[in-house]
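Note sheet for the following structure.
In what follows, chains are A, B, ... by sequence order, proteins preceding strands, each numbered from 1.
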There are 2 protein chains.
Amino acid sequence: MPRRTPSAAELHRRAVATYVAAGGEESVQRVITAVQSLTKKLDQWYARQLADLDVTAGEWAVVTSLAKAAEALTPSQLADLTNVAPSSMTHRLDKLADRGLIERTPDAENRTRTYISLTHEGWELFSLAIRGSDVVETDVLQDLGDDERGELARLLEVVIARLDDIDA
Amino acid sequence: MPRRTPSAAELHRRAVATYVAAGGEESVQRVITAVQSLTKKLDQWYARQLADLDVTAGEWAVVTSLAKAAEALTPSQLADLTNVAPSSMTHRLDKLADRGLIERTPDAENRTRTYISLTHEGWELFSLAIRGSDVVETDVLQDLGDDERGELARLLEVVIARLDDIDA
DNA sequence: ACAGAAGATTTCGATATCGAAATATTAGCA
DNA sequence: TGCTAATATTTCGATATCGAAATCTTCTGT
């Protein structure tokens, strides 16, 4: 018989122990493991929320990429930003265009290139989903005081700043 | 012409601004956005590293789940842990079993159930990949002092502890 | 003991994704 | 100019994933 589901905190402890036993450094694994399990939980919630709007995680990734870019992007750029093969993007964009969330605009200056942009409906969907997910996200951070939340953000941003320099 | 690729830090700033403009709370978005872009980068590195070992991200998720559980799991549990449909797990396990990384053991007490466990080779692959990824992970956290790293871990663990209570 | 509900895994048809090749355009350069 | 290389997107065949249904086993209640 499978035993009772352990708490997230307990799973985290075990995961860190496992990684350390396999040769990882403890302080590193505590951070990385926590970041990953947090993302995993968030992804589950987003998936449910997006299902209500009849949008897949992959489609949502396209919408947010366009929203964040604040300018038109090419299919290749979107494929790159969303970690997917360029050939897969074609079909995704077809579906999104059919639903009226994005539109393709051929580049007049370079006819091999197509620009993708959010339609008004696309922006509305984005805004709607963000307001919904902000609720869950706020809940997740509830146990952190204002100062702690700021400190957490600061530390993460130090890490982010380093991302480009690695592996290059 | 597409302009120069912005830095991760710059992308982060913009993303937060976009989410705030769409109705998100700033201190929340700073944290959540940072966590997600960090995970995305890590996933890219893992994918490359795993490709060298001829393992997909999905297969790796199965291996780590088994390693962390430290006991045999059923296909359903694995599907749940790795966010995939139970029917998809069947084929994944077939492939992993063909490669000798896992093995299926029928449960003697309940013949509808099958237990999946890592083989010796499975453990070796796990250990090898962990030692490899620890290198990158350590690099990522390089700009944080020991105390800062500890504080980051602590804050994240506070958040983790709350995950179970949400949405239930 | 037995009928029906619940559970676990697999099979099946439809769809999504991948990598490689095809197509079309632009850029570099002799 | 004209030829080759590079770039952007799409098409194509193979594989992976999904949700629903099928199969088999165990549990529940009478």
(request) May I have the distance from A/D107 (atom CG) to C/dA24 (atom C1'), rounded to whole angstrom? (result) 15 Å

(message) Are there over 12 heavy-atom neighbours, none belonging to B/D147, within less than 6.0 Å of that residue's CG?
(response) yes

(message) Counting primed atoms plus P, OP1 and OP2 as sugar-phosphate and everything else as base, spell out the protein contacts along nucleotides 15-20 of chain D at 4.0 Å heavy-atom distance: B, S or - for each nucleotide, 5' to 3'.
(response) -SSBBB

(request) Please state how far atom CZ in A/R113 lies from atom P in C/dA27, giving the value in whole angstrom units. (result) 8 Å

(message) Looking at A/R92 and A/E59, is any side-chain nitrogen of the basic one under 4.0 Å from a carboxylate oxygen of the acidic one?
(response) no

(message) So, OP1 or OP2 of C/dA8: does either fall under 4.0 Å of a side-chain N or O from B/T114?
(response) no

(message) For D/dT10 and A/T90 - does any side-chain N or O of the residue sit under 4.0 Å from the phosphate oxygens OP1/OP2?
(response) yes

(request) Find the distance A/L93:CG to D/dT11:P and express it as a whole number of Å. (result) 12 Å

(request) Rounded to the nearest angstrom, tell me the gap between atom OH in A/Y115 and atom C1' in D/dA8. (result) 11 Å

(message) I need the single residue from B/L152, B/V158, B/V35 that forms a side chain to side chain contact (heavy atoms under 4.5 Å, CB included) with A/L152. Which is it?
(response) B/L152

(message) Whole angstroms only, please: what is the CG-P distance between B/D80 and C/dT9?
(response) 12 Å

(request) Look at B/R104 and C/dT10 and indicate whether a side-chain polar atom (N or O) is within less than 4.0 Å of OP1 or OP2. (result) yes

(request) For atom CG of B/D52, decide whether the heavy atoms of other residues, nucleotides or ligands shown that lie under 6.0 angstrom number more than 12. (result) yes

(message) I'd like to know if the side chain of A/S37 reaches the main chain of A/T33, judged simply by a donor and an acceptor atom lying under 3.5 Å from each other, with no hydrogens or angles considered.
(response) yes

(message) Less than 4.0 angstrom from a charged side-chain N to a carboxylate O is my criterion; do B/R149 and A/E25 meet it?
(response) yes

(message) Distance check needed: D/dT9 C1' versus A/N110 CG, whole Å only.
(response) 11 Å

